[in-house]
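Note that the structure is predicted; figures quoted are calculated from it, not measured. Excluded from the calculations below are hydrogen atoms, water molecules and symmetry mates; all remaining heavy atoms, backbone and side chain alike, are included.
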Amino acid sequence: VEPCPKRPAVPSNMALAANPMPEAALCTNSKEKHQAEDADRCRRVKRMSAELVLEICKERSMWAQPHLNTQLYLNYKGFETIEGLEAYINIRALYLGSNNIEKIDGLQGMKDLRSLQIEGNRIRCIENLTSNVELRQLNLEFNAIRHLSNLSHLTKLQHLNVAKNAIASLKDLDELKSLPCLENLDVSQNAIEDTEGVVEFWASLPAELKILRYHGNPGVRSIEHYRKRLVNALPSLRYLDERPVFPVERKASAAWAEGGLQALQQAKRDYLQEQYRQQNAVDPDRREFLTQQRKLAIARIEREERERAEKEEKEEKGYTAVQRGEPAAVDEYTKAWREKLEKYGAEHLREEAAAKSAPVNPAQQQQKLAADAALAEAQRKAQAEKIRLNAYEHNKLPSKAGGMTFAPPPRERPAERHSAAHESNVASFRQTGAATDFADRQFSVLDGMDDAEIHKDEAAAPQSKPEGEEVVPDLWKKMEKENKEAESKVHEMHAKLKEVEHKVEKPAGTEATELGDL
């Protein structure tokens, strides 16, 4: 805002004498000039008007209808006066900070005003708040106030901030004694130089102050034991200057007032010990509960230990004599190991140990199972062939010429066989040996032949064979031809597979086995 222009100096008598004018004309011209200057000054001053306030409400997202607003933000606009607020009757919080206001005025219609923030202006005195009896918060920080006045009617005022003003003595704060509900007071950063009677002045206030900020005044540094004395003088104080008042500080200050510095230190130690005892104290019910829980935990630990020992004992019983470390068993095992070492060699034993300790591959395990099954099948077939050969050797009989011939078991006549069919008993169903079964199957084809035919065939057959020659049945002779044909086919197939193997390039690292080639 531009400064107002100075009025021109009134012309002197000499100037009037040099330019004589009628007296009536001179008064008229002077009055017109004054009116023009006032109008120009009003144009230069940024005045608050209803239209401008409405524009600000729209700009700051407030209601366009004045009676709907309960909060009004008119700060940081450079206003010099408070005007045009007659329609805003329901305002509870008014923000006029950081403007250029010189005088508090225009708030008569705000009967329900609770908070007035008018910090950072040019206000020199507190006035025109008679209709705002519901006021709880009044912020007059950073103004030009020299003394407090016109506050006695604000009996509900709780928060007052007059920091960073021009208050010079405690006498200028006598108006505070008429505020019974005051809880939060800030008079810091003023020009108060009083050093005597400061504690007594704050103790004489009728209100129970909870927050007091008095720091930043020149006289504070000269007050002896300022904080301890104020803490003792204001029992309801919770925050003094720039830090809170804790219970330990209050007890220490009270002890200092009675016994000095040593009593202060002892009071701090006693307070800390009491706090420690309270934090770590346990009531009887909880103590009993904890004791019971401790006993249960000890019993559980003992039970788990006993179960673990029993489990270890059972496992130890399942160990071998070598695993238990018995000397005789260890010596025997060592002897067997040395014999195995001499028989197979160290390299073979290392490979065997590596094979046992190597991780099992699923594919290799399946291959091993298949190989074991094939080996078992081959062993079974070999055992069957062995039994067949044993039966064949058992049925060989010596001939008249010293050779070997087959002698079938004596057979019954048809009549005897027919009668025996009706005389069967439990013994007829017993299981016979493999050799007898093989002989019965081999000569079962002769059951339906007559004795005459049998004797005829025996007479036609040669009576003797050269010594050392083995008699081969006709059935084997017929099968020999078929076996030779099958063997020739297998050899031909192997030859073809070998030819294909030379043509096809095998991947590196694979084993060439007959089963893999197939």
Side-chain angles (χ1 to χ4, degrees), residues 136-139 141 148 157-165 167-174 176-177 179-291 293-294:
R136 265 77 165 177
Q137 296 181 2
L138 180 58
N139 187 0
E141 182 183 3
L148 301 183
L157 189 65
Q158 297 175 353
H159 304 273
L160 178 60
N161 187 354
V162 288
K164 299 179 182 179
N165 280 275
I167 301 173
S169 65
L170 292 175
K171 293 181 181 180
D172 298 329
L173 300 175
D174 288 339
L176 297 175
K177 297 179 180 180
L179 302 175
C181 296
L182 192 63
E183 295 179 355
N184 185 353
L185 178 61
D186 189 352
V187 290
S188 61
Q189 307 295 332
N190 277 279
I192 302 175
E193 297 183 356
D194 296 355
T195 57
E196 299 293 335
V198 175
V199 177
E200 291 77 8
F201 173 80
W202 295 119
S204 64
L205 294 181
E208 295 182 356
L209 286 177
K210 295 181 179 179
I211 300 175
L212 175 62
R213 291 180 173 87
Y214 189 68
H215 62 281
N217 289 287
V220 172
R221 67 189 68 178
S222 301
I223 301 175
E224 188 176 2
H225 303 295
Y226 156 75
R227 186 174 179 88
K228 297 184 186 67
R229 293 170 60 191
L230 267 182
V231 169
N232 291 331
L234 303 174
S236 60
L237 198 64
R238 297 292 178 269
Y239 203 100
L240 178 59
D241 294 339
E242 297 178 333
R243 66 178 187 270
V245 179
F246 293 106
V248 60
E249 183 181 4
R250 184 168 296 281
K251 289 189 176 183
S253 299
W256 169 84
E258 295 178 358
L261 186 60
Q262 293 182 355
L264 181 145
Q265 295 176 353
Q266 184 62 34
K268 286 184 177 181
R269 287 193 294 268
D270 295 343
Y271 178 82
L272 294 176
Q273 292 176 1
E274 181 64 23
Q275 288 289 8
Y276 180 79
R277 282 194 298 269
Q278 290 179 3
Q279 291 175 1
N280 295 277
V282 182
D283 56 341
D285 294 338
R286 181 165 177 79
R287 186 185 299 278
E288 183 179 357
F289 173 75
L290 293 177
T291 303
Q293 292 295 321
R294 190 180 298 109

Legend entry - Minimum heavy-atom distance Asn190-Ile167, with the two atoms named: OD1-N, 3.4 Å
Inset, instruction - Supply the atom-to-atom distance Ser222 OG to Asp194 CG, rounded to the nearest 0.5 angstrom. - result: 11.0 Å
Legend entry - Residues, nucleotides or ligands: over 12 heavy atoms within 6.0 Å of Gln265 CD: yes
Inset, instruction - Find out whether Gln293 and Leu290 are in side-chain contact, i.e. whether some heavy atom of one side chain is under 4.5 Å from a heavy atom of the other. - result: no
Please list, one pair per line, the donor and acceptor atoms closer than 3.5 Å that link side chains of residues 197-207 to other protein atoms, with sequence neighbours excluded.
from	atom 1	to	atom 2	distance (Å)
Ser204	OG	Glu200	O	3.4
Ser204	OG	Phe201	O	2.6

Inset, instruction - Output the distance between atom CZ (Arg227) and atom CG (Asp241), rounded to the nearest 0.5 Å. - result: 6.5 Å
Legend entry - Donor + acceptor pair across side chains of Gln279, Gln275 (<3.5 Å): no
Legend entry - Within 6.0 angstrom of Gln262 CD, more than 12 heavy atoms from elsewhere: no
Legend entry - Validation row: Asp186, Glu141 side chains within 4.5 angstrom (heavy atoms): no
Legend entry - Heavy-atom closest pair, residues Lys268 and Val248: CG-CG2, 4.2 Å
Inset, instruction - Output the distance between atom CD (Glu249) and atom CH2 (Trp256), rounded to the nearest 0.5 Å. - result: 12.0 Å
Inset, instruction - Might you confirm whether atom CD of Glu288 has over 12 heavy atoms from other residues, nucleotides or ligands at distances under 6.0 Å? - result: no
Inset, instruction - Find out whether Leu160 and Leu176 are in side-chain contact, i.e. whether some heavy atom of one side chain is under 4.5 Å from a heavy atom of the other. - result: yes
Legend entry - Minimum-distance pair of heavy atoms, taken over all atoms of Arg250 and Leu234: NH1-O, 3.4 Å
Legend entry - Closest non-hydrogen atom pair, Leu179 against Leu157: CD1-CD2, 4.1 Å
Legend entry - Listed partners of Tyr226 passing ring pair (Phe, Tyr, Trp, His ring centres under 6.0 Å), at least two apart: none
Inset, instruction - For the residue pair Asn139 and His159, establish whether any side-chain heavy-atom pair is separated by less than 4.5 Å. - result: no
Inset, instruction - Check the surroundings of atom CZ in Arg221: do more than 12 heavy atoms from other residues, nucleotides or ligands lie under 6.0 Å from it? - result: no
Legend entry - Over all atoms of both residues, closest heavy-atom pair of Pro247 and Tyr271: CB-OH, 3.6 Å
Inset, instruction - Identify the heavy atoms of Leu264 and Lys228 that sit nearest to each other, and give their distance. - result: CD1-CE, 3.7 Å
